[in-house]
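Here the structure is laid out as structure tokens; the discussion comes afterwards.
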Amino acid sequence: MAKKNRWSPETLAAHTLAGIDPVTGAIVPGIQPATTYQRDPDNLYRRGRVYGRPDNPGYEVAAQLLAALEGGEESLLFASGMAAATALFLALSPGDHVIVPKIMYWALRAWLLDTATRWGLVIEMVGTDDPAAVAAAIQPGRTKLIWLETPANPLWTITDIAAIAEIARKHDVKVAVDSTVATPILTQPLSLGADLVMHSATKYLNGHSDVIAGTLVTASKDAFWERVRGNLARIGGILGPFEAWLLQRGMRTLPIRVKSASANALELAHRLSAHPKILEVLYPGLPGFPGHEIAKKQMQGGFGGMLSIRVKGGEALAIAAAAKVELWKRATSLGGVESLIEHRASIEGATSPAPTDLLRLSVGIESADDLFDDLDSALS
Ligand SMILES: Cc1ncc(COP(=O)(O)O)c(C=O)c1O
């Protein structure tokens with residue numbers, strides 16, 4: 001069950017939940033680099049922090065804000081999105097059956113099919129945009145987790161979180177959502193019935209392309225969550241205190257960045273749809289897009305800053321267009337204030353679902369006119 005906040009996301013993010021520093025009166029949190037904490041004379045740790053791997057006041061600031069924005073009971077920070085996702089899968093047991101989407105972040109798919117499978121998880125890839133296919137894939141008693149990503153890289157496939165959560169509940173299966181692209185500003189998966197949310201905080205949460213980080217948020221602190229927490233503390237994929245500080249600083253402007261990027265992406269999607277050199281625009285905000293009606297229902301305030309375009313004439317012309325942009329940066333990743341363009345099939349390799357004429361666009365917060373003009377010149 002998702003928790004309700006007194007304050008709106010804009011207010012929560014602008015202030016964080018850190019309050020005033022009790023020692024200095026500072027209105028922003030400090031950075032604590034200590035790796036260890038002193039015991040009380042009677043041998044107890046009354047202040048609750050023991051050792052720097054699991055404990056740092058800086059982690060708490062960013063994690064509390066994330067838990068509040070997602071309506072979760074608790075959040076944990078990790079050294080990357082991959083560290084967060086893998087800590088969750090490693091809280092399952094060998095032999096457990098797991099349903100994952102056919103369209104998902106490629107490096108996690110590769111890890112699941114390689115390491116997780118060798119470790120003993122039974123990974124089944126299903127088109128999670130079809131709830132009936134997910135229902136048919138559940139093996140009662142053996143399926144323990146359904147992993148979703150929506151909108152999903154790099155085709156922006158939409159999955160109906162509420163529909164899948166309802167199916168999962170009947171079979172006592174957990175649902176976890178990679179909500180990196182939607183962010184808690186546009187979608188709150190826990191309020192739709194999911195149990196866990198994951199973000200690559202490297203993307204919109206930080207928003208400035210200068211921190212690699214990840215996070216998990218849980219709806220309830222149950223036994224499974226305690227195993228996830230154990231994986232963070234024992235495997236040790238923790239975030240450094242400086243990165244945690246940068247992350248919370250970035251999150252303070254999350255709502256305005258996400259809304260600005262979404263508005264830009266929607267405008268570009270419409271203008272590029274009418275462009276003579278573009279074969280197809282993939283964007284959940286376009287009325288003709290397959291998941292549009294579900295996206296309208298589960299995303300509030302925008303459809304996100306990610307879209308893909310297919311260039312007429314195939315791979316060579318797509319790569320040539322990316323070579324000619326001046327404003328857009330040719331780089332992987334997403335969710336920063338600056339716009340990025342990427343020929344996706346080249347980075348994902350042979351198993352990529354991306355057509356070879358596809359360019360992935362991470363739309364930033366610049367002027368939409370400038371972004372369009374630069375692409376238009378490059379395509380022409
Ligand atoms: C949707 C999605 N999930 C997870 C990840 C992995 O995150 P990180 O690079 O922070 O490990 C990425 C990274 O690109 C991503 O785009």
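The residues of the chain are indexed from 1 along the displayed sequence. Counting starts at 1 for both ligands and their atoms, following the listed order.
Under a 3.5 Å cut-off, the side chain of Q248 and the backbone N or O of W245 do form a donor-acceptor pair. The backbone N or O of A233 sits less than 3.5 Å from a side-chain atom of R53, completing a donor-acceptor pair.
Within 4.0 Å of ligand 1, protein heavy atoms come from S80, G81, M82, Y105, E149, N153, D178, T180, M198, S200, T202, K203, A213, L334.
With respect to K174 and D222, a salt bridge is recorded, a charged nitrogen being found less than 4.0 Å from a carboxylate O. Taking a cutoff of 4.0 Å between a charged side-chain nitrogen and a carboxylate oxygen, K221 and E73 do not qualify as a salt bridge.
Using modelled atom types, one finds a donor on one side chain and an acceptor on the other under 3.5 Å when comparing T11 with S8.
Applying the ring-ring contact (aromatic ring centres under 6.0 Å, His included) rule to W147 yields the partners F89; only residues at least two apart in sequence or on another chain are considered.
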